[in-house]
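A short worksheet on the structure shown next.
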Protein chains: 2
Amino acid sequence: MSRNVTILGAGLVGSLLAIILRKKGYEVSVYERRTDMRKASISAGRSINLAMSARGWKALDLAGLRQEMEPLAIPMYGRYLHQPDGQTAFQPYSRNNEAIYSVSRGELNRKLMTLAEEHGAKIHFEHRCAHVDVATNTLRFNHNGEEKTVHADLLFGADGAFSALRNSYSHMDRVNSSQHYLEYGYKELAILPGNNGEWMMEKEALHIWPRGKYMMIALPNTDGTFTCTMFMPFEGEVSFEKLKTEADVHQLFDTQFADAKALMPGLIEDFFTNPTSSLITTHIFPWHYKDKSALIGDAAHAIVPFYGQGMNAGFEDCTVLASLMETYGDDWATILKEYERKRKPNGDAVANLALNNFTEMRDKVADPKFLERKKIEKELGNRYPDRFISVYEMVSFSHIPYNTAIQCIQAQDKLLEQIMKQGDYFVNIENSSFCESLGQWITAYHAEVQQLDFGNEAR
Amino acid sequence: MSRNVTILGAGLVGSLLAIILRKKGYEVSVYERRTDMRKASISAGRSINLAMSARGWKALDLAGLRQEMEPLAIPMYGRYLHQPDGQTAFQPYSRNNEAIYSVSRGELNRKLMTLAEEHGAKIHFEHRCAHVDVATNTLRFNHNGEEKTVHADLLFGADGAFSALRNSYSHMDRVNSSQHYLEYGYKELAILPGNNGEWMMEKEALHIWPRGKYMMIALPNTDGTFTCTMFMPFEGEVSFEKLKTEADVHQLFDTQFADAKALMPGLIEDFFTNPTSSLITTHIFPWHYKDKSALIGDAAHAIVPFYGQGMNAGFEDCTVLASLMETYGDDWATILKEYERKRKPNGDAVANLALNNFTEMRDKVADPKFLERKKIEKELGNRYPDRFISVYEMVSFSHIPYNTAIQCIQAQDKLLEQIMKQGDYFVNIENSSFCESLGQWITAYHAEVQQLDFGNEAR
């Protein structure tokens with residue numbers, strides 16, 4: 001029976017897991033590569049704001065952090081589109097006025113660390129894990145130039161996309177793993193507040209400038225700024241490689257992002273100071289080793305940020321673990337095995353959802369046919385609340401397994417194609433014979449997806 | 001201009017590459033993890049005999065080793081099938097009496113090492129590469145417990161599936177990589193010679209015992225023995241996991257491999273002494289770093305052994321590099337870039353060909369329809385030698401790029417399906433109207449594949 005738990009990484013997932021395990025009475029030691037972010041200023045330009053949705057909030061409830069975080073979270077009720085000619089449009093995310101929430105990664109992480117410590121977890125900063133001997137759970141750290149060896153009873157790798165534990169797993173016999181970089185990089189820029197500290201664009205929305213092969217997004221911060229992120233190919237016709245001079249950047253922003261540029265006095269400095277970062281997707285199997293260790297969060301499934309689900313998925317790993325601890329007590333051999341069985345398919349699914357959503361955001365959101373479909377989906381959800389829920393809503397506003405959501409895509413595509421083939425939905429819907437057919441199609445769709453695992457959620 | 005070349009690994013590909021580079025006048029240092037196999041006995045049970053085919057021989061020509069190797073290579077003119085009831089059948093590989101050749105890996109490796117040394121390469125044994133700093137080409141070795149640092153002008157990683165250079169590449173930004181293990185393991189067994197040292201089965205064939213979900217193969221050795229390899233799932237109904245006792249092994253061999261068992265007096269000892277090994281496929285991109293380093297052979301593309309192409313593909317990497325040196329002289333930035341451009345698609349293709357061939361060998365070869373198709377392919381090759389060559393022949397008996405061979409599969413499947421749909425080919429072919437249609441189909445097939453890159457080979 002393991003009572004001492006070691007966690008690699010004091011990021012969002014590692015800190016949350018520490019709180020959960022302390023609440024269950026385990027001794028918890030966390031080892032973090034970086035210095036204590038509460039004492040130092042966080043490095044700018046590589047954050048990508050968080051979009052907290054249902055799965056994230058559920059985990060914060062578990063930690064008892066919802067009340068404290070709510071005032072710091074800005075609801076975003078939909079996508080706010082910016083066309084090259086300055087035209088804009090708003091697309092709500094849900095039929096029920098539900099929102100995803102813009103949250104500062106640094107703020108949330110600091111709060112989670114402090115709460116973990118208040119619950120009695122010990123966080124060791126500036127400990128870089130150099131090697132894990134998986135069979136014996138022996139960890140070698142580098143701490144300010146000195147080597148330090150630690151033995152773990154039970155070990156969690158919550159140490160991100162470049163996890164030391166993941167790396168050690170991948171050197172074992174019969175461990176499958178992959179890492180794939182997108183051919184796109186990203187760079188953070190800033191939209192500043194007005195003279196009175198006010199937000200200069202719609203505050204409660206996720207702003208998108210979809211440009212086909214590239215895009216910019218912006219998320220609101222509590223201080224009146226927006227964090228903008230430019231996603232663009234590293235190489236090619238319009239690419240980071242091609243933006244060499246100030247004139248190049250001016251030219252691009254003047255023609256494609258003129259409305260944003262007017263609010264970005266620091267554009268040129270930001271552009272040439274902030275790094276161009278890469279975007280990785282990783283897969284690995286297995287996720288655990290006997291009753292000794294497991295991967296969690298990005299360490300198990302690093303994904304691209306386009307569905308805003310990275311943190312939410314990692315937090316859901318934690319809530320699933322917590323519920324398995326309820327069921328299986330201290331039987332970690334079973335807990336870790338069940339955790340892997342339940343979560344691995346969902347880790348794969350959310351990785352694919354995130355990759356798919358990139359095409360949607362940078363390209364399809366500006367397509368009138370796509371906008372029409374979104375409107376119909378919303379109406380179907382209102383008309384048949386117990387039989388139709390859009391994939392976006394499943395992912396962001398429910399706890400339906402990611403793997404179920406992804407399996408519904410094809411059936412929903414078929415359904416919506418069938419509906420839209422008939423012409424204007426909002427005209428047709430006044431017609432009783434169309435309504436009858438629609439009812440039959442929805443029934444067929446519902447029957448098709450009903451055998452999937454929807455968890456405890458309505459479908 | 002790099003004149004000093006460092007090679008990681010003195011295996012087949014590393015040793016061959018050393019010879020080629022010495023012939024071009026480079027100083028060559030090779031670092032090998034293991035002890036000198038010419039002084040120690042090679043560890044048994046993990047060799048998988050080599051099947052040398054056209055690409056391998058071409059490289060041996062380049063090294064000047066063909067004459068020396070030919071007497072040690074046993075031609076295998078086809079597959080020799082063993083059914084559970086003892087029935088056998090022979091399937092020739094080619095229409096021209098071409099063969100693949102059973103070669104001892106150890107023998108070939110020893111000869112290549114000696115030749116490399118005779119040409120002036122220096123091989124450092126018992127040097128385990130612990131780390132490569134890719135940007136500076138600084139290598140850290142562990143040599144009998146001591147650390148040793150080496151700087152390379154130009155570096156090749158020929159250090160196999162678990163390459164240190166590959167590992168260092170995979171930790172760099174924007175390097176894609178994957179490793180995937182088959183759910184099958186393998187174990188080596190032996191068929192012994194008769195009382196007078198004679199081969200106890202047909203010598204000049206590759207023997208297969210196809211059993212659907214598992215299989216055994218046997219390749220002839222010069223000493224009258226056959227090396228048998230059992231491929232079987234690690235877990236499941238019939239699996240290594242299930243073969244726990246001597247009775248289990250007797251039972252399996254009595255019912256499924258009775259003819260072979262009679263020739264395997266050491267079966268039980270071999271089975272429980274020899275390891276059960278795993279089978280990995282790896283992909284990585286890029287294969288090179290500027291003008292400083294590149295991966296070659298298994299380090300770039302570790303594949304499963306079912307097409308007998310692992311060594312052949314690695315040797316072809318060497319012949320392509322040699323021809324690029326002819327074209328570009330000492331311009332290694334261009335050579336390595338071109339090497340990657342030409343070889344990466346072929347590395348991916350041969351990995352897939354090898355995976356596909358496993359299903360063929362363990363399952364389809366016993367299927368009458370498959371055998372019929374093989375006969376028709378042979379006949380088509382004779383009838384239309386300038387327009388049809390089977391994929392197997394492309395891979396094993398030509399230098400047509402692997403990537404071209406794999407792209408022909410679909411077109412050949414379509415063609416053969418069309419032909420076989422008409423009934424018995426060997427009856428139909430007597431009929432002039434069928435012959436006319438056949439000519440049209442072949443012309444259509446030929447037109448479809450003609451735009452592919454066949455290298456300098458006839459198609």
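For clarity, every value in this text was computed on a predicted model and none was experimentally measured. Letters A, B, ... mirror the listed sequences (proteins, then strands); counts begin at 1. Values below: every heavy atom of this structure, side chains too, minus hydrogens, waters and symmetry copies.
Proximity to chain B (any heavy atom under 4.5 Å) is shown, for A:Thr282, by neither the backbone nor the side chain.
Counted within 6.0 Å of CZ on B:Arg140, heavy atoms from surrounding residues, nucleotides or ligands total more than 12; the atom is thus considered enclosed. Residue A:Glu146 places its CD atom among 12 or fewer non-hydrogen atoms of other residues, nucleotides or ligands, all under 6.0 Å distant. Atom CD of A:Glu241 sits in a crowded spot, with more than 12 heavy atoms from other residues, nucleotides or ligands closer than 6.0 Å. Counted within 6.0 Å of NZ on A:Lys148, heavy atoms from surrounding residues, nucleotides or ligands total more than 12; the atom is thus considered enclosed.
Within the model, atoms NE2 of B:His180 and CZ of A:Arg174 stand 10.5 Å from one another, a figure rounded to the nearest 0.5 Å. Atom CD of residue A:Gln179 and atom OG of residue B:Ser178 lie 9.5 Å apart, to the nearest 0.5 angstrom.
Closest non-hydrogen pair, B:Asn176 versus A:Tyr181, comes out as OD1-N, 2.6 Å.
Within the structure, side chain to side chain donor-acceptor pair (under 3.5 Å) pairs that include any residue of residues 347-359 of chain B comprise B:His283-B:Asp348, B:Lys344-B:Asp348 (at least two apart or interchain).
The most heavy-atom pairs under 4.5 Å with chain B, out of A:Ile280, A:Asn167, A:Val175, come from A:Val175.
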